Amino acid sequence: MAEQKSGGRRGLRTSVKGPLMFSAFWAVLAFVAVLIFASGGSAKTPRFDLAFTGAGIAFIVTLVIAAMLSMSYKDNAEHLGKGSGINLSSKRPAAGHGGQAAQRSGTDTPGSGHDTGTDLR
């Protein structure tokens, strides 16, 4: 279960206020959109029944999605933030690390017998 501190304030992830406000926003947006578009013009009466139905559906769906996402939230393991040891730098590797620079070092010298006549640098 979630770790809760008695007597303290709840965080955003464990609070009920955040998902309710999120769902209420989308419900109001759906209400206005359905009220405008379902009426079919300004000469006809507004369809409040469809607007309330759309708002209710939007509220329930977004509340269920927010609840599912908050239940599936899990902190990362502590060792994941330490780094993996993989060099992700875009710098060229220094000679001697087995990279391309180490392989070319013996073939680029003039008079070594392996010179192809093209300089790749």
Side-chain angles (χ1 to χ4, degrees):
M1 290 286 181
E3 297 176 18
Q4 295 181 0
K5 300 172 189 88
S6 62
R9 291 186 59 137
R10 290 182 165 190
L12 185 61
R13 295 240 182 242
T14 58
S15 175
V16 179
K17 188 177 180 181
L20 282 176
M21 288 174 39
F22 180 74
S23 297
F25 168 75
W26 286 106
V28 169
L29 190 70
F31 178 83
V32 171
V34 171
L35 187 65
I36 291 171
F37 293 115
S39 298
S42 60
K44 299 181 182 179
T45 60
R47 297 289 311 261
F48 285 105
D49 56 338
L50 291 177
F52 281 117
T53 303
I57 290 172
F59 182 78
I60 291 170
V61 167
T62 54
L63 190 61
V64 167
I65 289 173
M68 287 174 47
L69 288 174
S70 68
M71 285 190 312
S72 66
Y73 173 76
K74 180 180 169 187
D75 282 328
N76 286 336
E78 188 64 33
H79 72 278
L80 293 177
K82 302 294 183 198
S84 61
I86 297 173
N87 185 11
L88 298 177
S89 176
S90 61
K91 293 190 307 186
R92 289 184 169 227
H97 286 292
Q100 207 172 14
Q103 293 173 355
R104 278 193 267 145
S105 64
T107 61
D108 287 340
T109 57
S112 64
H114 299 289
D115 193 11
T116 60
T118 58
D119 191 9
L120 300 175
R121 286 186 226 161

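Predicted, not measured: the structure shown is a model, and the values here were computed from it. Along the sequence shown, the residues carry numbers beginning at 1.
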Does [X] have any side-chain contact (heavy atoms from CB on, under 4.5 Å) partners at least two apart in sequence or in another chain, and if so, which?
X: Leu29; value: Trp26
X: Phe48; value: Phe31, Leu35, Pro46, Phe52
X: Ala27; value: Ala55, Phe59
X: Phe25; value: none

In one Ile/Leu/Val/Met/Phe/Trp/Tyr side-chain cluster, 4.5 Å: Leu63, Val16: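 Yes; Val16 is reachable from Leu63 via cluster members.
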Looking only at heavy atoms, what is the nearest atom pair of Ser39 and Arg47, with distance?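 Nearest heavy atoms, Ser39 then Arg47: OG-N, 3.5 Å.
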Gap between atom CZ of Phe22 and atom CD1 of Ile65 - 0.5 Å precision: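 One finds 8.0 Å between CD1 of Ile65 and CZ of Phe22.
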Rounded at 0.5 Å granularity, tell me how far OG1 in Thr62 sits from CG in Leu69.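 Reported to 0.5 Å precision, the distance equals 11.0 Å.
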Return the set of residues passing salt bridge (charged side-chain N to carboxylate O under 4.0 Å, His left out) with Asp75 (not counting sequence neighbours), or none when no residue passes.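 Partners of Asp75 under the salt bridge (charged side-chain N to carboxylate O under 4.0 Å, His left out) test: none.
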Sequence neighbours excluded, every pair satisfying salt bridge (charged side-chain N to carboxylate O under 4.0 Å, His left out) that has a member inside residues 16-34: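 Found none.
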